[in-house]
Trainee: 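I'd like to ask you about the structure that follows.
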Amino acid sequence: LSPIVELNVGGEMYTTTLSTLKKHPGSKLAEMFTGQPKLRTDSEGRFFIDRPGTYFKYILEYLRSNQVPTQCIQDVYKEALFYDIEPLIKQLEDSPQIFGELVARKQFLARVPNYSENIELMIRIARAEAVASRRSSVIVCVVRSEEDAVRCQDALNSLDMDKKSVVKFGPWKAAPSIGDLLDCIQMDVEAKGYKISFQPHIAEKGFRFKSHDFFYKFLFTWW
């Protein structure tokens with residue numbers, strides 16, 4: 001291989017040295033250029049990598065100068081994982097953005113039973129109710145403790161609605177509050193491309209408990 005390497009990364013063109021690309025021998029990026037190159041070339045003979053080219057400049061800058069990026073942290077982290085550049089991965093995981101997501105938020109949500117499954121269930125219910133409508137709503141029951149779970153079940157039994165359409169989150173053993181969990185739900189649904197908001201669900205008169213103690217209405221807006 002020539003010591004000067006031309007790359008086409010997802011349509012973005014880069015020129016660098018072979019030594020820069022192989023700076024971390026155990027990385028996937030280094031393996032791509034070790035021995036016989038394991039990459040296709042484009043019509044101009046440049047090595048082609050089918051990844052987002054926009055963020056490769058941050059990867060390349062790190063390899064050249066050990067400069068950890070301060071922009072597009074989440075996206076660069078994904079690329080660092082793909083190229084398996086361990087030193088960059090570890091330094092990015094120490095950044096506030098990645099640390100907060102992996103160590104704080106994700107660790108909290110791991111303690112909320114069936115969290116990811118419930119997010120998908122919410123979306124399925126909302127889509128099923130969206131026919132010929134601008135908006136559809138999903139009722140969510142959030143309980144922090146086992147005691148609240150019992151009270152919530154009593155409240156559910158007095159609700160005049162299809163209980164299968166109520167999505168239940170909790171209980172959990174962690175510091176974050178019900179408000180924190182509601183924010184996480186909104187954040188993760190919006191990350192899937194949906195426009196969503198929520199508010200306390202006010203039930204009909206005669207409801208056994210204050211409905212806003214447990215129940216929230218998530219509103220999906222389709223157009």
Trainee: First locate atom OG of S136, then atom CG of L219, and finally report the distance between them rounded to the nearest 0.5 Å.
Mentor: 7.5 Å
Trainee: Quick check for you: to the nearest 0.5 Å, what is the distance between L7 atom CG and I49 atom CD1?
Mentor: 5.5 Å
Trainee: Quick one: closest heavy-atom pair of A80 and I89, and the distance?
Mentor: O-CD1, 3.5 Å
Trainee: Is there a side-chain contact (heavy atoms from CB on, under 4.5 Å) between F169 and L181 once you walk through the steps?
Mentor: CA-CA 9 Å; F169 287 85; L181 179 64; 3.8 Å; yes
Trainee: Will you find, in the side chains of Y115 and D188, an N or O donor that is under 3.5 Å from an N or O acceptor?
Mentor: yes
Trainee: Can you find a heavy atom in the side chain of F33 that is under 4.5 Å from one in the side chain of L18?
Mentor: yes
Trainee: Are F56 and I4 linked, directly or through other ILVMFWY residues, by side chains that come within less than 4.5 angstrom of each other?
Mentor: no
Trainee: Going by side chain to side chain donor-acceptor pair (under 3.5 Å), name the pairs with one or both residues in residues 123-134, residues two or more places apart or in two chains.
Mentor: R127-Y194
Trainee: Hey, mind stepping through F108 and C184 against side-chain contact (heavy atoms from CB on, under 4.5 Å) and telling me if it holds?
Mentor: CA-CA 10 Å; F108 159 54; C184 287; 4.2 Å; yes
Trainee: Report yes if the side chains of T15 and V5 come closer than 4.5 Å at any heavy-atom pair, otherwise no.
Mentor: no
Trainee: Locate the shortest heavy-atom distance separating G26 from E31; write the atom from each residue and the value.
Mentor: O-OE2, 4.1 Å
Trainee: Checking salt bridge (Lys or Arg N to Asp or Glu O under 4.0 Å) for the pair E101/K106: CA distance, chi angles, key distance, verdict?
Mentor: CA-CA 6 Å; E101 177 68 13; K106 290 295 187 186; 3.6 Å; yes
Trainee: If you take all heavy atoms of H24 and I85, which pair is closest and at what distance?
Mentor: CD2-CG2, 3.8 Å
Trainee: Mind running side chain to side chain donor-acceptor pair (under 3.5 Å) on Q67 and Y58 for me, showing each step along the way?
Mentor: CA-CA 8 Å; Q67 181 176 332; Y58 299 109; over 6 Å; no
Trainee: How many angstroms lie between OG in S95 and OH in Y77, if you round to the nearest 0.5 Å?
Mentor: 9.0 Å
Trainee: Could you grab the distance from atom CD of Q71 to atom NZ of K57, nearest 0.5 Å is fine?
Mentor: 7.0 Å
Trainee: Does any non-hydrogen side-chain atom of P52 lie less than 4.5 Å from one of D75?
Mentor: no
Trainee: State, yes or no, whether a side-chain contact exists between V140 and V142 at a heavy-atom distance under 4.5 Å.
Mentor: yes
Trainee: Distance under 6.0 Å and angle within 45° of the ring axis: does R40 meet both against F47?
Mentor: no
Trainee: Before accepting this row, confirm whether a basic side-chain N of the pair K192/E120 lies closer than 4.0 Å to the acidic partner's carboxylate O.
Mentor: yes
Trainee: Looking only at atom types and distance, does a side-chain atom of T34 sit under 3.5 Å from a main-chain N or O of A30, one as donor and one as acceptor?
Mentor: yes
Trainee: Does the side-chain contact (heavy atoms from CB on, under 4.5 Å) test come out yes or no for C141 and F214, once each step is laid out?
Mentor: CA-CA 5 Å; C141 174; F214 306 111; 4.1 Å; yes
Trainee: If hydrophobic clusters are built by linking Ile, Leu, Val, Met, Phe, Trp and Tyr wherever their side-chain heavy atoms come under 4.5 Å apart, do L60 and F48 end up in the same one?
Mentor: no
Trainee: With distance as the sole test, does S65 use its side chain to make a donor-acceptor pair with the main-chain N or O of Y62 at under 3.5 Å?
Mentor: no
Trainee: In the structure I gave you, are the side-chain heavy atoms of N118 and K168 within less than 4.5 Å of one another anywhere?
Mentor: no
Trainee: Please work out whether the ring planes of F198 and Y216 are parallel, tilted or perpendicular, with thresholds of 30° and 60°.
Mentor: perpendicular
Trainee: Check P113 against P171 and note the closest heavy-atom contact, atom names and distance.
Mentor: CD-O, 3.1 Å
Trainee: Is any side-chain heavy atom of I178 closer than 4.5 Å to one of W172?
Mentor: yes
Trainee: Taking a hydrophobic cluster as the set of Ile, Leu, Val, Met, Phe, Trp and Tyr residues connected by side-chain heavy atoms closer than 4.5 Å, whether directly or through intermediates, do V166 and V150 fall within one such cluster?
Mentor: no
Trainee: At their closest point, which heavy atom of S165 faces which heavy atom of I125, and how far apart are they?
Mentor: O-CD1, 3.7 Å
Trainee: Looking at E146, I'd like to know if its CD atom is crowded, meaning that more than 12 non-hydrogen atoms belonging to other residues, nucleotides or ligands lie closer than 6.0 Å.
Mentor: no
Trainee: Between S116 and N114, is any pair of side-chain heavy atoms under 4.5 Å apart?
Mentor: no
Trainee: Output all residues satisfying side chain to side chain contact (heavy atoms under 4.5 Å, CB included) with K23, sequence neighbours left out; order by chain, then residue number.
Mentor: L63, N66
Trainee: Count the heavy atoms of every other residue, nucleotide or ligand shown that sit under 6.0 Å from NZ of K22, and state whether that count exceeds 12.
Mentor: yes
Trainee: Would you call K28 and F82 a side-chain contact if the rule is heavy atoms closer than 4.5 Å?
Mentor: yes
Trainee: For the CG atom of D84 and the CD atom of E79, what is their distance to the nearest 0.5 Å?
Mentor: 13.0 Å
Trainee: Provide the closest heavy-atom pair for T54 versus E12 in the form atom of the first, atom of the second, distance.
Mentor: N-CG, 3.9 Å
Trainee: Take D183 and R105 through the salt bridge (Lys or Arg N to Asp or Glu O under 4.0 Å) test and state the conclusion after the steps.
Mentor: CA-CA 11 Å; D183 288 340; R105 200 177 83 92; over 6 Å; no
Trainee: Run the salt bridge (Lys or Arg N to Asp or Glu O under 4.0 Å) test on R144 and D148 for me, step by step, so that the C-alpha distance in whole Å, both residues' side-chain angles and the decisive distance to 0.1 Å come before the verdict.
Mentor: CA-CA 6 Å; R144 175 81 180 272; D148 284 346; over 6 Å; no
Trainee: Any chain of hydrophobic side-chain contacts (each under 4.5 Å) joining M13 to L39?
Mentor: no
Trainee: Atom CZ of residue position R64 - does it have more than 12 heavy atoms of other residues, nucleotides or ligands inside 6.0 Å?
Mentor: yes
Trainee: Look up atom CZ in F218 and atom NE2 in H201, then write down how far apart they are to the nearest 0.5 Å.
Mentor: 13.0 Å
Trainee: State whether the side chain of E93 and the backbone N or O of I98 hold a donor-acceptor pair below 3.5 Å, judged by distance alone.
Mentor: no
Trainee: Same cluster or not: are M187 and I185 linked, directly or through other Ile, Leu, Val, Met, Phe, Trp or Tyr residues, by side-chain heavy atoms under 4.5 angstrom apart?
Mentor: no
Trainee: Please check if the number of heavy atoms outside E117 that lie under 6.0 Å from its CD is greater than 12.
Mentor: yes
